[in-house]
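Input: a single structure, listed below in structure tokens.
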Amino acid sequence: MKFLADRSHLAIVAAKFSCGAPRAGSEKGPDAIIKTGIFDNIASRANLTLSFYTSSQDDAELELPSDQDESGLKRPREVSAAAAHISDSVYQRARPGNFVLTLGGDHSIGVGTVSGTSKAIRERFSGRDLGVLWIDAHADINTPETSLSGRLHGMPVAFLSGIAKSPKKGIFDWLEDSHLINMKKFVYIGLRDVDEAEQATIARTGIKAFTMEDVKRFGIEKVMDLALDHIDHIGDETPIHASYDIDSLDPEWAPSTGFSVASGLSLDEGVYVAKRLYQSGNLIALDLVEINPDVATSQLNVTVEAGCKLIKSALGA
Ligand SMILES: [Mn+2]
């Protein structure tokens, strides 16, 4: 089987960061996953080399006490600086062809992870655009203008696509054209809680989206056929970055997350998505975000177990 990323070297980025969300807790997500021993297990079975990298909000360089709201955005400079930091870490690892797994963290870190692989893939494959699968209950495509909360974990797709622009110096002005993604190669799966303005953006720009209604109507197998076909419709081996929000899963399997929404993917459906990504050979990076150990703490093990299953399935381990 052919793979577009080097599977003998798995780079892990622990993005311990939750300033993009209204409540803290998801910065403890990476440790909750790592503590299970999943990577020892994967390394022993698949002979992977692991390199840990921690991007923590406790880092002195990310301490920005004068981070005032800007254009309605909450903690914009902290989130921007963390995303820039993560973008560079992911880029450094993806550029030589390593598979990069990033553990979140709230989903604002997606601006960092996806921009990092997007740039790396353009350089590795002489200008080729990255494909992105965004598996989420939410569309995360609000802009500073449309967001009701001002929280940046609801906006990563808007910044990655260029739909949202830097509102001020120091806030996402590090994003270059090479970081941005081609939305013709972007697909959503699992949507079921999308704001009105986001719905309008998706309709206006023609972004491919498979809602939970679509999953129920067509079945997850057919949805994955269509999603992968959309990303790689001419079979030119489009490298894929999957950004997996644990809240795409039904609360039965992922109760420990900040904004769970009923009627989500079953664990079997979620695992199927991950397996198909592995089998495509085109998956070059995976994010797993929004596990919050401070929510539904008594059932954290259920959520962590589900997260581990998604990771293992996407890695073919
Ligand atoms: Mn999300």
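Just so you know, ligand 1 is whichever comes first in the structure, and atom 1 is the first atom listed for that ligand.
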- Task: Answer yes or no as to whether an N/O/S atom of His153 is found below 2.8 Å from the Mn ion (ligand 1).
- Result: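 Of the N, O and S atoms in His153, none lies under 2.8 Å from the Mn ion (ligand 1), which means no.
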So that I can tick it off, tell me whether [Y] and [X] are bridged by a salt bridge, with the cut-off set at under 4.0 angstrom between side-chain N and carboxylate O.
X: Asp232; Y: Lys185; answer: no
X: Arg75; Y: Glu78; answer: yes
X: Glu237; Y: Lys2; answer: yes

Which N, O or S atom of [X] lies nearest to the Mn ion (ligand 1), by name:
X: Asp245; result: OD2
X: His107; result: ND1
X: Asp140; result: OD2
X: Asp136; result: OD2

- No-hydrogen, no-angle side-chain donor-acceptor test under 3.5 Å, Asp136 and Ser248: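 The answer is no; no qualifying pair exists.
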- Query: Given the rule in the salt bridge (charged side-chain N to carboxylate O under 4.0 Å, His left out) test, do Arg192 and Glu213 qualify, once you have shown the distances and angles that lead to the verdict?
  - Reply: CA-CA 8 Å; Arg192 57 194 185 277; Glu213 268 180 45; over 6 Å; no
